[in-house]
Amino acid sequence: MADTTLTEGAAGAPARKPFPLAGVAVPLLALALLAYPFVFRLPFQHNLMILVFLYASLGQAWNILGGYAGQSSLGHAAFFGVGAYASSLLLVKFGIVPWVGMLAGGLVAVALSLLIGYPSFRLKGHYFVIATIVLAEIIYILFTNWPFAGGAEGLFLPLLPEGVVNFEFHSSKIPYYYIIFAILAVVTTVVFFVERSKLGFYFRAIREDPDAARSLGIDITRYKLIAMALSAFFTGVCGTFYAQFVLFIEPNNSLNFMLSVLIMLIPVFGGSGTLWGPILGAFILIPLSEFTRVYLSGAGRAIDLTLYGLLIMLVAIFEPRGLWAVVTRFRSRETLKWRFWKSQV
Amino acid sequence: MLDGTIIAQTLLSGVLIGFIYALVAVGLTLIYGVMDIVNFAHGEFLMLSMYVVFWLYALAGLDPMVSLPISVAVMFVVGVVTHKLVVRPVLRAPMSAQIFVTFGLMVFMRNGAQFLWSPNYRLIQTPLVAGRLELFGLFVGKPQLVAALGALITTGLVFWFLKRTETGRTLQAVAEDQDAAALMGINPDRTFMLAWGIGAACVGVAGALLANYYYIFPTVGNTFVLMAFVAVALGGFGSVPGALLAGVIIGVVEVLTGLFISPAFKNITAYVLYMVVVLVRPRGLLGEW
């Protein structure tokens with residue numbers, strides 16, 4: 001199949017080769033981000049970008065299921081949480097290095113996702129959304145009451161000598177920066193290839209019209225489960241990263257319902273079902289959150305989340321396809337102008 | 001230790017809280033039945049009405065029972081405004097936009113409340129309705145009893161309104177077939193507004209009744225709305241009697257889990273019940289619309 005149809009989600013107008021995003025902008029942006037920690041040296045600046053990458057990765061992972069396959073999950077905190085708990089428990093109780101724990105965390109999240117997905121994928125629309133909320137809530141309650149996993153008090157991870165093997169860095173946050181950057185790069189690459197593969201077409205077919213997809217011979221449940229498993233795996237991996245980053249986990253920081261909301265909000269705001277939407281969303285929303293926290297109020301006043309709520313309402317009303325759709329529309333108009341001027345010369 | 005009195009006492013408290021779940025669920029099911037939209041901000045409506053009552057008490061010295069009509073009026077307006085500003089623009093949008101918009105409203109209201117009024121737990125210290133009664137050897141808190149009766153009466157009123165009044169029938173007609181109703185001269189938009197107004201007014205009642213004895217905090221709506229989701233699914237999406245029945249069932253199941261298994265797990269059984277119902281009998285117990 002010719003790949004001329006693949007200019008992602010171009011809005012209307014003949015968007016022929018707009019700005020060479022993939023060829024020029026992406027490598028430039030990647031280089032800039034690789035150099036970032038040495039240009040901006042404050043721990044706050046490192047911390048900010050680590051959070052941006054973390055949420056971009058989470059949003060990208062959600063995007064596979066919620067954006068491409070069209071199954072809006074509001075229980076992704078469950079996958080994040082079990083990923084965090086799996087590696088932490090392996091480390092605390094059995095002394096297993098977090099890198100193995102990270103793989104284990106991802107796999108446990110996959111197992112959980114299949115367990116959750118198998119029954120709930122028979123549900124549509126609101127029924128499915130509520131099912132994911134309710135199931136994640138069950139996981140939250142179970143972990144809160146599971147003494148082995150620290151219960152409501154949570155788990156402190158042991159302070160080990162810093163280094164790549166132990167996945168702990170105390171003197172500088174820069175290693176965390178590169179690790180989460182790598183995770184984001186991997187998830188985004190996976191999404192890039194999924195988008196262009198048969199899998200991606202199946203996902204979109206299921207999103208646009210499940211009945212038509214089924215009548216064309218697509219095994220809907222199977223492909224929804226594949227989307228769910230991929231999505232859960234990376235969410236679980238992010239959970240492990242988070243646990244190693246903050247070295248403390250409890251149900252409220254890793255399984256909380258508001259975390260599920262945030263994971264959904266970032267790609268929806270940026271543009272779900274697009275490659276760059278979740279990254280754009282994280283780059284806008286996370287700094288917004290950090291700066292409002294610093295400049296407008298102390299911690300715990302939740303003004304950032306209040307703003308998020310407002311933003312998501314505005315996006316849903318004015319551009320349900322998210323901010324990236326605005327960008328692509330702008331880009332295609334730019335090319336039209338560009339072609340106009342070229343024709344004048 | 002686990003004698004009949006304790007079980008009876010537990011069942012009674014389950015039924016009493018069940019009526020409140022039912023009333024919250026009635027508002028939800030009404031909006032869902034008429035326009036096929038789940039109001040994810042419904043719990044936040046409840047929270048808002050409790051704060052309305054609280055501030056009327058704290059600033060003007062009004063008792064919750066006195067400010068109940070004010071709460072109802074305020075919530076009716078909140079419902080109508082929500083429809084006009086937030087829901088109507090996405091009526092023709094894809095399903096995901098409809099989910100996200102009420103979700104955004106939920107996030108906005110919950111955190112806005114935390115921003116304005118802090119996450120502190122507040123309580124109305126000296127309500128008019130206080131103390132407890134002894135009925136057939138069982139103790140009942142008066143506020144709980146009043147709340148349950150109030151919820152039951154309100155649910156009955158909503159049911160009567162839907163079945164016996166002209167306007168109520170227009171709601172049913174729009175729920176049945178929006179286009180056909182429009183051809184009969186019913187204005188669907190006005191009907192949607194009414195459904196939102198009444199749906200929100202229901203939690204206006206519930207909030208005022210709960211404020212008599214329940215703590216008031218920004219996330220108070222969460223448990224109630226999750227229970228209401230379960231009740232709506234169990235009772236049958238769109239069914240008022242179903243919501244009532246299901247609310248009571250959930251209240252009872254919840255307290256029995258608390259008694260026999262552990263209070264920590266009391267919500268889990270309700271959640272499991274949701275999964276079982278939507279998978280095994282998606283129509284619910286009394287699904288009609």
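Computed from a prediction, not measured in an experiment: that's the story for all the values here. Residue numbering restarts at 1 for every chain, and letters A, B, ... go by the order of the sequence lines.
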Is it the side chain or the backbone of [X] that comes within 4.5 Å of chain A heavy atoms, both, or neither?
X: B/Y274; answer: side chain
X: B/R110; answer: side chain
X: B/L105; answer: both
X: B/M106; answer: side chain
X: B/V101; answer: both

* Looking just at side-chain N and O atoms, do A/N63 and A/Q60 make a donor-acceptor pair shorter than 3.5 Å? -> yes
* Could you tell me whether a side-chain N or O of A/T144 sits under 3.5 Å from a main-chain N or O of A/Y140, the two making a donor and an acceptor? =>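 Such a contact is found between A/T144 side chain and A/Y140 backbone.
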* Asked: Hey, is the main chain of B/V203 close enough, under 3.5 Å, to the side chain of B/S49 for a donor-acceptor pair?
  -> yes
* **Nearest-0.5 Å distance that lies between atom CG in A/L288 and atom CD1 in A/I303** =>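 Between A/L288 CG and A/I303 CD1, I get 9.5 Å after rounding to 0.5 Å.
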Heavy-atom proximity to chain B below 4.5 Å, by part of [X]:
X: A/F257; value: side chain
X: A/I133; value: side chain
X: A/L311; value: neither
X: A/L123; value: side chain

* To do: Determine the option with the most heavy-atom pairs under 4.5 angstrom with chain B, choosing from A/D304, A/L142, A/V268.
  =>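 Maximum pair count with chain B is reached by A/V268.
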* Given the options A/L265, A/L310, A/L314, A/V315, which has more heavy-atom pairs under 4.5 Å with chain B than any of the others? ->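 Heavy-atom pair counts peak at A/L310.
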* Parallel, tilted or perpendicular for B/W55 and B/W117, by the 30°/60° rule? ->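 Geometry flag for B/W117 against B/W55: tilted rings.
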* Asked: Can you say whether the rings of A/F148 and A/W146 are parallel (under 30°), tilted (30 to 60°) or perpendicular (over 60°)?
  -> tilted
* To do: Could you have a look at B/N111, B/V230, B/I99, B/V86 and say which one has the most heavy-atom pairs with chain A under 4.5 angstrom?
  => B/N111
* Asked: Would a line drawn from the ring center of B/F108 to the ring center of B/F115 be shorter than 6.0 Å?
  -> no
* Evaluate side chain to side chain contact (heavy atoms under 4.5 Å, CB included) for A/L280 paired with A/F283, printing each intermediate quantity in order. => CA-CA 5 Å; A/L280 182 67; A/F283 266 86; 5.7 Å; no
* Asked: Is the number of heavy atoms from other residues, nucleotides or ligands under 6.0 Å of B/R88 CZ greater than 12?
  -> yes
* Asked: Does A/I220 reach the side chain of A/Y202, with side-chain heavy atoms less than 4.5 Å apart?
  ->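 A/I220 vs A/Y202: side chains apart.
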* Report the C-alpha separation of A/Y127 and B/F237 in whole Å, then their side-chain angles, then the decisive distance to 0.1 Å, and conclude whether the ring pair (Phe, Tyr, Trp, His ring centres under 6.0 Å) test is met. => CA-CA 10 Å; A/Y127 294 83; B/F237 277 83; 4.6 Å; yes
* Asked: Under 4.5 Å, heavy atom to heavy atom, which residues of residues 36-44 of chain B contact chain A?
  ->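 Near chain A, by residue number: B/D36, B/I37, B/V38, B/F40.
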* Assess whether side-chain hydrogen bond (donor to acceptor under 3.5 Å, both in side chains) is satisfied between A/H76 and A/S231, documenting all intermediate values. => CA-CA 9 Å; A/H76 259 54; A/S231 182; 2.8 Å; yes
